[in-house]
Amino acid sequence: MSFDYAKSAATALKLLTKFGASATLVKRAEGSYDPATGTNSITETSYTVQAVLLNYRANETNTAGSLVTAKDRKVIMQATTVTPDVSDTFSFNSVTYRIVEVKTLSPSGTNVLHELRVSV
């Protein structure tokens with residue numbers, strides 16, 4: 001009998017809804033090339049997510065092993081059909097953060113939650 005990770009994702013969402021708040025994930029994608037401007041268009045799509053914004057501990061490190069900066073914050077975000085990326089932004093309580101790092105808890109290929117390192 002295998003473990004039901006979808007149930008874990010549902011529990012994570014329930015806890016984030018109860019103890020967290022609504023936030024906005026803005027996914028950025030490059031569009032088609034415009035020869036007149038010499039640039040690609042950027043398409044932004046907003047997603048409402050449940051998340052909690054936390055401070056890092058003073059001696060906590062990122063996955064590269066370096067210390068986090070004073071402006072860095074940790075976000076625990078629900079697993080959605082879209083996966084956050086470092087080109088995206090995250091807005092919480094009217095403050096927009098850039099995503100610096102994404103870690104996804106995904107046992108057996110089922111996304112349970114995302115941990116983001118964000119910075120102002």
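Sorted by first then second residue, the salt bridge (charged side-chain N to carboxylate O under 4.0 Å, His left out) pairs that include residues 86-96, not counting sequence neighbours, are K27-D88. The list of salt bridge (charged side-chain N to carboxylate O under 4.0 Å, His left out) pairs with a residue in residues 29-43, not counting sequence neighbours, is empty.
A donor atom on one side chain and an acceptor atom on the other are not found under 3.5 Å apart for S108 and T110.
For the side-chain hydrogen bond (donor to acceptor under 3.5 Å, both in side chains) test, no residue two or more places apart in sequence or in another chain qualifies with S46. Qualifying side chain to side chain contact (heavy atoms under 4.5 Å, CB included) partners for S91, counting only residues two or more places apart in sequence or in other chains: T24, T96. Remark: T43 pairs with no residue by the side-chain hydrogen bond (donor to acceptor under 3.5 Å, both in side chains) rule, at least two apart or across chains. Legend: residues meeting side chain to side chain contact (heavy atoms under 4.5 Å, CB included) with S106, ordered by chain and number and at least two apart, are T104, N111. Partners of L113 according to the side chain to side chain contact (heavy atoms under 4.5 Å, CB included) rule, which considers only residues two or more places apart in sequence or in another chain, are A12, I76, L105. S87 meets the side-chain hydrogen bond (donor to acceptor under 3.5 Å, both in side chains) test with D85; sequence neighbours excluded. For Y5, the ring-ring contact (aromatic ring centres under 6.0 Å, His included) partners are F3, not counting sequence neighbours. A search for side-chain hydrogen bond (donor to acceptor under 3.5 Å, both in side chains) contacts involving K7 returns nothing, not counting sequence neighbours.
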Task: side-chain contact (heavy atoms from CB on, under 4.5 Å) between K74 and E115, worked out - done: CA-CA 7 Å; K74 182 188 299 187; E115 180 182 321; 3.8 Å; yes
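Taking CZ of R28 as the start and CZ of R98 as the end, the distance is 13.0 Å to the nearest 0.5 Å.
Two residues are said to be in side-chain contact when any heavy atoms from C-beta on lie closer than 4.5 Å; R73 and S119 fail this criterion.
Remark: the backbone N or O of L13 is not paired with any side-chain donor or acceptor of Q78 at under 3.5 angstrom.
When hydrophobic clusters are built by joining Ile, Leu, Val, Met, Phe, Trp and Tyr residues whose side-chain heavy atoms come closer than 4.5 Å, directly or via intermediates, L54 is grouped together with L16.
V86 belongs to no hydrophobic cluster, as no Ile, Leu, Val, Met, Phe, Trp or Tyr side chain comes under 4.5 Å of its own. Connectivity analysis of hydrophobic side chains (ILVMFWY, heavy atoms under 4.5 Å, direct or indirect) links F92 to L25, Y47, V49, L53, V75, M77, V82, F90, V95, Y97, I99, V102, L116, V118, V120.
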